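Structure first, then comments.
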Amino acid sequence: MRSANRIRDDFIDFFKSKNHEFVPSSPIVPIGDDTLLFANAGMNQFKDIFLGLTLSEYPRVANSQKCLRVSGKHNDLEEVGKDTYHHTFFEMLGNWSFNDYFKAEAIQWAWELLTDVWNIEPDRLWATFFAGDESDGLPKDEEAQKLWTKVTPIPAERVLAFGKKDNFWEMGEVGPCGPCSEIHIDLGPDSCDMKNVPNHKCSINGGCARFIELWNLVFIQFNRQSNGRLVPLSANYVDTGAGLERIVAVLQNKKSNYDTDLFMPVIDSVSEITSHKYTSRLKNKTDNAFRVIADHIRSLVFSITDGATPSNEGRGYVIRRILRRACRFGRELGMHEPFLYRLVPVVVDFMGDAFIEIKQRADYVSTVIEAEEASFGRTLDRGIDIFNAAAKRAAKTTDKTISGEDAFGLYDTYGFPVDLTMLMAEERNLKVDKAEFDRLMEQQRQRARAAQKDTSLMTALTDVELPVTEDLHKYHTDSCDSKIIALIDSNGFKDKGHIQADTEVGVVLDRTCFYAEAGGQVGDCGVIESDQGRFIVEDTVKIANCIIHRGHLAEGTLGVGDNVKAAVSRDRNSIKKNHTATHLLQWALQQVCGKTAAQQGSLVCPDYLRFDFTWPKALNNQQIKEVEKLVRDKIAADLPVTWTVMPRKEAEKLGAMALFGEKYGSEVRVVAIGTDSDKELNQAFSREFCGGTHVEKLGFIGGFKIIKEESISAGVRRITALTGQALAEYLEQRSNIADELSAILKVPAEELIDRVTRLIKDNKKLTKDLKSASKSSASDVMTEAKKLLETSEKIGATSVIVSRLSTTSIEQARNAADMLKKKAKSAVVVFGFADDGKAALLAAVTEDLIKKGLKAGDIIKQIAPIVGGGGGGRPHLAQAGGKNPEKIDDALAKAFELIKKNLVNIQ
Ligand code: ATP
Ligand code: MG
């Protein structure tokens with residue numbers, strides 16, 4: 001049997017033999033493309049090439065792309081488990097031509113690979129082509145239709161025409177698009193899963209599982225404009241996609257993708273962990289749970305590896321949903337404890353050679369999954385109860401629908417993704433009011449958005465071609481002469497006019513020395529000024545290749561066309577120190593913790609630096625000290641820092657560290673520490689891909705200290721550190737604290753620790769002594785109370801104990817009263833005592849007397865005014881406080897009188 005790994009290699013090797021260059025899959029989390037949550041097709045990473053924005057490095061490329069179809073235009077989440085061939089995560093094998101070969105070769109090679117290399121019987125294959133579309137003025141793709149029978153032996157009757165829905169592929173509302181040809185396979189009449197549907201006839205694109213699409217060949221020929229019109233592109237492109245899992249199932253002769261070696265190892269593991277058996281039946285609940293889990297764990301491993309983390313927003317929420325869905329299905333197999341994380345090594349084992357990144361981050365991924373499972377597990381059981389209650393209510397409604405509020409409450413409080421609620425509802429033949437849920441979600445989002453800072457300046461910028469700013473000066477100088485060429489305000493982009501006072505404006509210059517926020521380094525602040533006016537820059541950002549200086553006019557007037565001087569604030573020096581120190585920190589962490597400690601994010605600003613990295617638990621004190629020492633030694637050695645731009649391949653060969661998952665162009669800037677020659681980067685001990693500003697000599701950093709180490713999410717730690725001036729100020733503050741403490745405790749600073757340790761020890765001892773002292777006084781009070789009982793007056797069977805008590809604690813008085821009640825069986829107790837200049841009274845009555853109408857609360861109510869207070873309580877126990885302790889005896893005398901009268905009446 002040909003393994004999936006071998007089949008993937010077959011594909012790549014085949015296209016290499018046709019002069020294609022292999023390019024690695026882009027990360028599942030697209031970098032720098034906010035229009036897309038997750039990669040959903042092989043072409044995503046080539047989008048800019050099709051749009052004519054960049055040139056391809058190679059005319060022909062091939063790869064296997066990691067895809068996730070769980071959101072947006074492509075969402076197959078609901079299909080998973082219910083059919084045998086739709087997954088959330090799957091690999092899309094693809095070959096591309098960038099204005100090189102076209103339809104003939106694409107068709108011929110696809111056929112050759114399927115039938116010659118993989119030996120699929122040609123009789124089982126069908127092809128489709130685009131039938132044309134009148135509304136778009138598109139003719140039928142006769143070229144493709146003819147080529148099918150010309151370059152392959154397929155008979156004309158197995159080449160079918162389909163309309164826009166199936167055979168005209170579009171990236172989105174706008175952008176590159178074109179007709180496509182698909183290859184489908186006939187899996188035989190037994191595979192049909194719609195046999196019960198009346199009048200069903202198996203056919204290509206007919207909806208049943210007998211004919212399955214294997215490979216889509218897209219011929220990119222047009223650009224869809226925002227007015228809906230199609231404009232022919234100046235070049236022709238081929239963009240193909242074939243689902244690896246489907247091809248593997250065919251070649252391994254399996255009825256279902258889940259029966260192949262891309263899923264069976266996970267399924268076997270689940271079976272081992274849960275002691276349930278997988279029987280590969282489609283309409284079986286247990287089997288379905290197996291499939292969902294096997295599918296979802298692959299999605300989790302790949303997306304978390306590529307930088308997504310479970311959260312409540314955007315990408316993170318999609319990942320959280322997948323994980324919670326998998327947990328929920330785990331319940332079907334009796335799993336109440338975290339178990340998904342135990343499947344991570346299984347996935348890594350059979351896919352880690354093709355995608356080494358999952359090997360490198362396996363521990364991190366397990367940690368994240370386990371933590372998330374554990375936290376969801378805690379709420380799931382409780383959430384299920386709440387769901388059941390909501391379902392009960394829904395069952396009573398006429399339309400059998402769980403209300404939007406219930407679904408939202410489950411989401412908001414118990415973290416139930418709405419699709420989980422819908423799935424559980426479906427199992428009970430209930431619906432969910434999704435529209436109302438969406439409305440409540442939107443309301444919540446709006447509240448969150450309102451709380452965020454206003455970014456209107458930038459949102460006004462869609463659909464404008466921005467000028468390119470020359471900004472290399474940022475690496476050499478802090479000020480430069482330039483000219484204002486445009487302004488941006490909330491109304492959009494202007495290439496003439498003046499800056500309005502009192503409004504936030506973006507200034508665009510022809511050239512600048514300002515650094516725009518990127519790679520974790522904050523944008524520069526500073527001023528832009530001329531003889532006429534002065535503009536304060538509060539932040540600098542970059543959109544495409546245009547640098548935008550955001551801020552406001554402080555004096556005079558400035559406008560487009562003015563010659564100005566742009567000067568970065570002195571913060572630049574602190575930023576440089578912190579940025580180089582961040583590189584040193586990353587290097588030192590890897591010396592101490594190994595390569596598992598990989599950068600997850602960073603923030604370099606004038607006041608401090610922050611570095612997030614993958615690491616399962618808190619660094620201990622010794623590790624922190626070691627890291628600090630490594631960094632400080634390098635700073636003390638005052639080693640040189642250098643940077644250079646070089647081809648990416650060369651930089652990779654040098655082992656320069658790239659930010660995980662980041663997309664780099666063919667030329668990259670490398671910052672190296674430990675050599676002063678950009679020709680001898682191999683001598684450097686730290687080499688990173690980096691576009692930031694750095695010091696030239698390490699000594700300039702002037703010190704380094706970690707001030708905080710914390711967890712920011714499961715498996716990710718955050719270090720905050722200081723350098724230079726900020727560190728000096730921090731140390732000064734600390735030293736002041738020590739001086740003050742010395743003065744208070746009257747010992748020199750060196751003895752502070754000893755002194756405080758002793759004080760704490762003494763304090764502990766005193767507290768202990770005090771406790772035992774009060775214990776002994778408690779027993780004294782009890783003895784006193786017992787004596788009172790012996791000498792008390794009896795009226796009938798009832799002991800009447802009305803007395804002062806030698807205590808200051810209401811608790812002791814209460815305990816004494818309780819004890820007397822128990823001992824005497826029938827008793828009325830009233831105690832009075834003074835505490836800190838105040839009077840306290842307490843009354844207690846046994847149950848038998850309460851029944852007869854004598855209540856502690858009533859006694860207290862009547863005597864409390866005597867001591868100048870008020871109070872009351874329940875029938876068996878009541879207490880009161882008062883301002884006049886000298887009246888306690890009067891109050892007690894009155895109490896005695898009252899009780900006597902009462903008892904005489906009731907006995
Ligand atoms: P289908 O109609 O079967 O959902 P599609 O038209 O959505 O497929 P394309 O967008 O053309 O598929 O993607 C190219 C190829 O990727 C398909 O021919 C198929 O082999 C594979 N593919 C698409 N979606 C999935 C999925 N959810 N799981 C596994 N493979 C898929
Ligand atoms: Mg689809």
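Quick caveat, the model's predicted, so the values are computed rather than measured. As the structure lists them, so they are numbered: ligands from 1, and atoms in each ligand from 1.
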* Test side chain to side chain contact (heavy atoms under 4.5 Å, CB included) applied to Asp306 and Phe38, step by step -> CA-CA 10 Å; Asp306 280 355; Phe38 298 101; over 6 Å; no

* To do: Flag the pair Lys140 / Phe129 as yes when at least one side-chain heavy-atom distance between them is below 4.5 Å, and no otherwise.
  => yes

* **Location of contacts on Met92 toward ligand 1, heavy atoms closer than 4.0 Å** =>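 For Met92, only side-chain atoms sit under 4.0 Å from ligand 1.
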
* Using a 4.0 Å heavy-atom cut-off, say whether Arg246 meets ligand 1 through its side chain, its backbone, both or neither. =>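 Arg246 to ligand 1: side-chain contact only, backbone stays beyond 4.0 Å.
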
* Structure fact -> Counting from 1 in the order shown, the ligand 1 atoms closer than 4.0 Å to a non-hydrogen atom of Trp215 are 18 (O)

* At a 4.0 Å threshold, what atoms of ligand 1 neighbour a non-hydrogen atom of Tyr85? -> 28 (N), 29 (C)

* Of Ile154, Thr115, Asp116, which meets side-chain contact (heavy atoms from CB on, under 4.5 Å) against Pro122? ->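 Result for side-chain contact (heavy atoms from CB on, under 4.5 Å) with Pro122: Thr115.
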
* For atom 7 (O) of ligand 1, state which one of His74, His86, Arg69 supplies the nearest heavy atom. =>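 When every heavy atom of His74, His86, Arg69 is considered, Arg69 comes closest to atom 7 (O) of ligand 1.
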
* Check each of Phe90, Trp169, Phe211 against atom 25 (C) of ligand 1 and report the one with the nearest heavy atom. => Phe90

* Asked: So Gln225 and Val231, side chain to side chain contact (heavy atoms under 4.5 Å, CB included) or not? Walk me through it.
  -> CA-CA 7 Å; Gln225 295 184 321; Val231 184; 3.3 Å; yes

Using residues 16-30 as the side-chain source, report each donor-acceptor pair under 3.5 Å to any protein atom, sequence neighbours left out, with the distance given to one decimal.
residue: Ser17; atom: OG; partner: Phe14; partner atom: O; Å: 2.5
residue: Lys18; atom: NZ; partner: Glu112; partner atom: OE1; Å: 3.4
residue: Lys18; atom: NZ; partner: Glu112; partner atom: OE2; Å: 3.3
residue: His20; atom: ND1; partner: Phe15; partner atom: O; Å: 3.0
residue: His20; atom: ND1; partner: Lys18; partner atom: O; Å: 3.0
residue: His20; atom: NE2; partner: Tyr101; partner atom: OH; Å: 2.8
residue: Ser25; atom: OG; partner: Gln65; partner atom: OE1; Å: 3.4
residue: Ser25; atom: OG; partner: Gln65; partner atom: NE2; Å: 3.2
residue: Ser25; atom: OG; partner: Lys66; partner atom: N; Å: 3.0
residue: Ser26; atom: OG; partner: Gln65; partner atom: OE1; Å: 3.3
residue: Ser26; atom: OG; partner: Gln65; partner atom: NE2; Å: 3.2

Looking only at N/O atoms, are [X] and ligand 1 under 3.5 Å apart anywhere?
X	result
Glu213	yes
Glu182	no
Glu245	no
Leu214	yes

* **Nearest atoms (heavy-atom pairs only) where Ser280 meets Asp287** =>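 Between these two residues, the closest heavy atoms are N-OD2, 3.1 Å.
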
Could you pull out every donor-acceptor pair under 3.5 Å between side chains of residues 200-220 and any protein atom, sequence neighbours left out?
residue: Arg210; atom: NE; partner: Asp186; partner atom: OD1; Å: 2.8
residue: Arg210; atom: NH2; partner: Asp186; partner atom: OD2; Å: 2.9
residue: Trp215; atom: NE1; partner: Thr240; partner atom: OG1; Å: 3.0

